[in-house]
K.L.:
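Take a look at the following structure, please.
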Amino acid sequence: MKDSQPLIAVTLGDPAGIGPELIAKLLSETSLFANIHTVLVGDRWLWEEGQRIAGQSHELPEVQSFTEARKYNEPVFLPIDSLSKGTVGYAEETAASGASVLSILTHCLEAAQDGVVDAICFAPLNKFSMKKGGLEHEDELHFFAKKLGVKGYVCEFNTLGDLWTSRISSHIPLKDAASYVTQERIVDASRLIYDSLKLAGNDSPRVAVAAFNPHAGEGGTCGREEIEVIEPAVEECKAQGYPVDGPFPADTIFIKAKEGEYDAIVTMYHDQGQIAIKLLGFKQGVTVQGGLPIPITTPAHGTAFDIAGQGKADVNPTLNAFLIACRMGGKLRQNRLETTTSA
């Protein structure tokens with residue numbers, strides 16, 4: 001019988017940030033790993049440094065491949081030599097750190113393409129370091145999409161417990177946001193977050209779409225995007241069988257969601273949703289990379305250079321990111337096995 005347990009790849013994130021410390025703290029939560037295979041991928045010296053900072057000591061079996069990790073019912077370590085010790089220090093944005101991150105993530109993505117890895121959970125990255133180190137895309141999501149051969153719509157989801165948000169534009173100048181308000185992108189974002197929530201274990205997600213203009217355009221007197229673009233997109237989603245409502249004024253829809261009326265909100269630009277969800281619970285948030293063939297998650301905060309190396313980092317967002325990766329990776333593996341069996 002084929003192994004039904006998912007294999008989750010975990011990385012240490014930017015070497016100059018709090019990632020190594022967070023992963024050392026995560027792996028101290030031994031009860032997490034009973035029904036999954038977990039492989040930590042990274043430089044041995046950096047993993048040792050993370051344990052030192054966190055005050056942890058983990059004796060992980062060492063493996064030479066992702067496939068070998070499936071033989072273990074406990075976390076294992078796959079060493080990758082991507083960066084020499086002493087090359088970077090804490091709180092430094094360097095090409096060396098960025099190149100290291102890209103190298104390790106590429107190993108994980110290639111294993112995912114081979115069907116070996118079912119999900120990836122990465123510790124926080126630094127986009128500037130990655131761009132200095134060779135990243136040619138606006139962010140890591142589009143790097144993942146290119147490596148995995150994705151041609152369709154992709155979007156970052158930010159999650160806070162049972163509440164998820166997506167957006168139709170992300171890391172672009174705000175002056176360009178209006179040009180991204182199209183019916184196609186709204187429909188794609190709504191469908192994608194609905195399907196992703198189902199993969200994460202929500203059997204009947206309820207999706208709300210935020211307006212673009214103040215007060216949802218005030219009947220067309222304060223912008224017409226709601227009438228001409230967003231409302232038709234919502235109706236198209238409904239016609240396709242998706243439970244989508246809106247548009248709702250962006251300054252009140254999060255109140256409805258907080259009170260449990262909706263599970264997901266599709267926002268029109270980056271900060272429209274980010275500000276709200278981070279105020280609701282910055283220390284619990286998770287980012288899910290949506291639209292990819294495998295689940296990829298990370299804590300929603302950054303590399304926290306101001307506290308790097310001090311042992312102060314809060315592991316809860318990383319714990320939440322790992323749990324979502326496990327749920328989604330488990331469902332994905334189950335779907336794969338069912339497809340193989342029925343073929």
Side-chain angles (χ1 to χ4, degrees), residues 6-11 13 41 66 98 101-122 124-125 127 130-131 133-159 164-172 176 179-200 205 207 233 236-237 240 242 264 266-270 273 286-298 300 321 324-336 339-340:
L7 175 61
I8 315 298
V10 177
T11 77
V41 188
F66 289 95
V101 163
L102 291 170
S103 173
I104 290 168
L105 287 173
T106 296
H107 277 83
C108 296
L109 294 169
E110 289 172 349
Q113 286 180 301
D114 292 338
V116 180
V117 166
D118 300 299
I120 299 169
C121 178
F122 63 90
L125 311 178
K127 289 181 178 61
M130 292 172 69
K131 288 177 179 179
L135 178 66
E136 298 176 348
H137 306 85
E138 63 188 67
D139 53 31
E140 62 270 23
L141 171 60
H142 291 84
F143 166 73
F144 297 149
K146 179 67 177 297
K147 288 292 184 182
L148 295 172
V150 175
K151 303 298 184 183
Y153 184 78
V154 295
C155 173
E156 279 189 353
F157 304 136
N158 284 93
T159 80
W164 288 36
T165 66
S166 67
R167 49 188 182 261
I168 64 168
S169 64
S170 190
H171 301 114
I172 62 168
D176 297 332
S179 66
Y180 283 73
V181 181
T182 67
Q183 184 171 333
E184 180 182 11
R185 294 182 70 86
I186 295 166
V187 171
D188 285 344
S190 301
R191 293 170 55 184
L192 181 57
I193 200 167
Y194 177 89
D195 292 340
S196 298
L197 269 165
K198 292 199 74 172
L199 188 64
V207 180
E236 176 62 24
C237 289
Q240 295 181 19
Y242 287 87
V266 177
T267 62
M268 296 296 107
Y269 53 91
H270 185 279
V286 174
T287 298
V288 179
Q289 312 292 321
L292 306 177
I294 69 158
I296 303 181
T297 68
T298 189
I324 292 175
C326 292
R327 289 201 304 272
M328 297 182 75
K331 187 69 176 291
L332 177 65
R333 183 156 185 81
Q334 178 184 342
N335 292 344
R336 284 172 172 171
T339 300
T340 302

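Position 1 is the first residue of the sequence; numbering continues from there.
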K.L.:
Side-chain contact, heavy-atom cut-off 4.5 Å: I168 with Y153?
P.N.:
yes
K.L.:
How many angstroms lie between CD1 in I186 and CZ in R167, if you round to the nearest 0.5 Å?
P.N.:
15.5 Å
K.L.:
With a 6.0 Å cut-off (strictly less than), is the heavy-atom count around OH of Y180, excluding the residue itself, greater than 12?
P.N.:
no
K.L.:
Any donor-acceptor pair under 3.5 Å linking the side chain of S169 with the backbone of M268?
P.N.:
yes
K.L.:
Could you tell me which non-hydrogen atom of V187 sits nearest to which non-hydrogen atom of C237, and how far apart they are?
P.N.:
CA-SG, 3.9 Å
K.L.:
Can you give me the closest heavy-atom contact between V150 and G291, atom names plus distance?
P.N.:
CG1-O, 3.7 Å
K.L.:
Would you compute the distance between atom CZ of R327 and atom OG1 of T297 and round it to the nearest 0.5 angstrom?
P.N.:
10.0 Å
K.L.:
Using 0.5 Å steps for rounding, measure from the CD1 atom of I193 to the SG atom of C155.
P.N.:
7.0 Å
K.L.:
What are the two closest heavy atoms between V117 and A9, and how far apart are they?
P.N.:
CG1-CB, 4.0 Å
K.L.:
Of I294, L292, D139, which is the lone residue that meets side chain to side chain contact (heavy atoms under 4.5 Å, CB included) with F144?
P.N.:
L292
K.L.:
Taking all atoms of both residues into account, what is the closest heavy-atom pair of P293 and L332, and its distance?
P.N.:
O-CD2, 3.7 Å
K.L.:
To the nearest 0.5 Å, what is the distance between CZ (F66) and CD (E110)?
P.N.:
9.0 Å
K.L.:
CG of L148 to CD1 of I296: how many Å apart, nearest 0.5 Å?
P.N.:
6.0 Å
K.L.:
Between I8 and A325, which heavy-atom pair has the shortest distance, and what is it?
P.N.:
CD1-O, 3.8 Å
K.L.:
Looking at CG of L109 and CG of D114, how far apart are the two atoms once the value is rounded to the nearest 0.5 Å?
P.N.:
11.0 Å
K.L.:
Give a yes or no on whether H137 atom NE2 has more than 12 heavy-atom contacts from other residues, nucleotides or ligands under 6.0 Å away.
P.N.:
yes
K.L.:
Residues in side-chain contact (heavy atoms from CB on, under 4.5 Å) with E138, at least two apart?
P.N.:
H142, H171
K.L.:
With a 4.5 Å cut-off on side-chain heavy atoms, are W164 and S196 touching?
P.N.:
yes
K.L.:
Is there side-chain contact between V101 and E140, with at least one heavy-atom pair below 4.5 Å?
P.N.:
no
K.L.:
Between T298 and L125, is there a side-chain heavy-atom distance shorter than 4.5 Å?
P.N.:
no
K.L.:
Please check if the number of heavy atoms outside K147 that lie under 6.0 Å from its NZ is greater than 12.
P.N.:
no
K.L.:
With respect to N158, which candidate in T165, T287, T267 satisfies the side chain to side chain donor-acceptor pair (under 3.5 Å) definition?
P.N.:
T287
K.L.:
What are the two closest non-hydrogen atoms of C108 and I120, and how far apart are they?
P.N.:
CB-CD1, 3.7 Å
K.L.:
When you compare the side chain of L102 with that of F143, does any pair of heavy atoms fall below 4.5 Å?
P.N.:
yes
K.L.:
Would you tell me whether R185 and T182 have side-chain atoms, one donor and one acceptor, within less than 3.5 Å of each other?
P.N.:
no
K.L.:
Are side-chain heavy atoms of S190 and Y242 found at a separation under 4.5 Å?
P.N.:
no
